[in-house]
Amino acid sequence: MLAVVFSQVRVPPGRFGLERFFSNTRHACLFLNCPDPTWYLGCETAIDRAIDAALAASGAARIVHYGASKGAYGALVTALRRGDGQVFAFGPELLLGRPGSQSGAVVRPAMATAPDLAPRLARCGEGPELTLIFGIFDATDAAGAVALAGQDLPARVKVLRLLSSHASHDHLYTLNIARKLIAGFSRDLGTLCAERGLIAEDGTAELARFAAFAGRMAAEEHDSQDAVGEALADPYARVNPGYGLAVGQALIRLGEREQAAHWLAGVQERVDAMPGAGALPKRWRKMVWQARLAAADATTRTALAAQARERFPGEDWPEAAPW
């Protein structure tokens, strides 16, 4: 077996994402990386050359394309182009350059002409299984799940919606699910996630409202106050903590800090009530606390910062207000 592993964002040149993670497997491995603004666009010839050389050297009869975030996009478009391998894509962006997305932070002109992968997946026909994993606490992931729900997908395309953030691979690593998966790529990922209660049952219409709200906020539309009002009245914003966090952050930007503080305390309660909440990616959990501290007034900020330090030992949580 050849595992073609595409690096995620913020992996420096000369280094490769998930290299240590795959080091204890018996697979032949090919690790790929590119500058973040490239997002694997225009790298097709170099990628194919490297894969063909690795196949010849290893004699592998099976290929698995694997990646998270930027790496998920690379794995998915490569497998669709070559038609020769199974895919595990954790948090792929189906449409690049959207405001608020990872690729949107490094957007470049080539992204404007990159194809929308949702209809392309609907046309992919027969071939190895393609598994796409979306964390529904992230608006871009939610948008991807919604886009695929509107497609007539072939049986080979599997879509998993998880109670997780964009960094769902980190989440599954913490729970030892990812390691079970890559041991031989013989275990069903959906079953492994279901056993830990990670499969989201949230409706497509609800996810669409979350994604639409976050898109409006990221685009800084002039009617953002109206959008926040609509979101506050949306019952789903009190269910999905990612949606709730986005609403709280929007309230802070509007200067409604007292309302934001109360709202975000509720978001924190929902997160804490989740089974296995401590396994959620640390970066995402910190975002909730960072928002709470940004909303807090002088009388509550010191106590809140102390609670944050208890939750995240060794982290710096300034007590001075950011405003």
Side-chain angles (χ1 to χ4, degrees), residues 10 99-102 104-105 135-142 163-168 170-171 174 206 209-323:
R10 293 183 291 275
S101 68
Q102 295 281 320
I136 68 158
F137 300 163
D138 178 82
T140 303
D141 277 32
L163 298 169
S164 189
S165 68
H166 177 66
S168 59
D170 292 351
H171 193 180
T174 300
E206 286 72 26
R209 294 200 301 274
F210 170 30
F213 170 76
R216 292 169 72 179
M217 295 301 100
E220 299 181 346
E221 294 186 3
H222 68 278
D223 62 344
S224 59
Q225 192 152 8
D226 291 340
V228 172
E230 293 170 9
L232 287 168
D234 185 349
Y236 186 57
R238 292 173 169 79
V239 174
N240 183 327
Y243 190 179
L245 173 60
V247 173
Q249 292 168 329
L251 285 168
I252 293 170
R253 289 193 295 271
L254 290 174
E256 301 291 344
R257 293 190 179 88
E258 183 176 355
Q259 186 178 10
H262 176 75
W263 176 270
L264 288 164
V267 173
Q268 186 68 63
E269 289 176 3
R270 289 194 291 281
V271 173
D272 290 344
M274 292 175 56
L280 282 165
K282 182 180 179 181
R283 180 178 297 176
W284 185 84
R285 289 184 287 121
K286 285 177 62 178
M287 286 173 61
V288 179
W289 282 90
Q290 288 162 348
R292 293 187 69 191
L293 285 165
D297 59 28
T299 59
T300 59
R301 186 175 176 82
T302 298
L304 203 58
Q307 293 176 38
R309 284 191 289 270
E310 289 180 8
R311 297 258 187 148
F312 305 95
E315 300 283 346
D316 182 30
W317 295 92
E319 297 180 10
W323 37 271

Q.
Please determine whether a side-chain nitrogen of the Lys or Arg among Glu315 and Lys286 lies less than 4.0 Å from a carboxylate oxygen of the Asp or Glu.
A. yes
Q) What pair of heavy atoms forms the shortest contact from Ala261 to Ala295, and how long is it? A) N-CB, 3.7 Å
Q. Taking atom types as modelled, is there a side-chain donor on Glu256 or Trp263 under 3.5 Å from an acceptor on the other?
A. no
Q) CG of Leu264 to CD of Gln290: how many Å apart, nearest 0.5 Å? A) 12.0 Å
**Q.** Side-chain heavy atoms of Thr140 within contact of Gln102, under 4.5 Å
**A.** no
Q: Taking all non-hydrogen atoms of both residues into account, name the closest pair between Ile252 and Ala291 and its distance.
A: CD1-O, 3.3 Å
Q: For Asp226, check salt bridge (charged side-chain N to carboxylate O under 4.0 Å, His left out) against everything at least two apart and list the hits.
A: none
Q: Might you point out which heavy atoms bring Pro281 and His171 nearest each other, and give the distance in Å?
A: CD-CB, 3.9 Å
Q. Can you check whether Met217 reaches Phe213 side chain to side chain, under 4.5 Å on heavy atoms?
A. yes
Q: Enumerate the residue pairs fulfilling side-chain hydrogen bond (donor to acceptor under 3.5 Å, both in side chains) with a member in residues 228-241, sequence neighbours excluded, ordered by first and then second residue.
A: Asp202-Tyr236, Arg209-Asp234, Arg216-Glu230, Asp234-Tyr243, Tyr236-Asn240
(Q) Under the salt bridge (Lys or Arg N to Asp or Glu O under 4.0 Å) definition, can you give me all pairs with a residue in residues 260-280, not counting sequence neighbours? (A) Asp272-Arg311
Q. Are Pro241 and Val288 close enough that some pair of their side-chain heavy atoms sits under 4.5 Å apart?
A. no
Q: Give the minimum heavy-atom separation between Ala214 and Ala139, together with the two atoms involved.
A: CB-CB, 3.2 Å
Q | Rounded distance (nearest 0.5 Å) linking atom OG of Ser168 with atom CG of Asp141 | A | 6.5 Å
Q: Using modelled atom types only, decide if a donor and an acceptor are shared between the side chain of Arg309 and the backbone of Trp317 within a distance under 3.5 Å.
A: yes
**Q.** Side chain to side chain, Val271 and Trp284, heavy atoms closer than 4.5 Å
**A.** yes
Q. Do the side chains of Phe137 and Leu280 get nearer than 4.5 Å, heavy atoms only?
A. yes
Q: Find the distance between CG (Leu245) and CZ (Arg292) and round it off to the nearest 0.5 Å.
A: 11.5 Å
Q. Would you find a donor on one side and an acceptor on the other, under 3.5 Å apart, between the side chain of Thr174 and the backbone of Asp170?
A. yes
Q | Within 6.0 angstrom of Arg253 CZ, more than 12 heavy atoms from elsewhere | A | yes
Q.
For the OG atom of Ser165 and the NZ atom of Lys282, what is their distance to the nearest 0.5 Å?
A. 14.0 Å
**Q.** Reported CG-to-CD distance for the pair Leu293 and Gln307, which is rounded to 0.5 angstrom
**A.** 9.5 Å
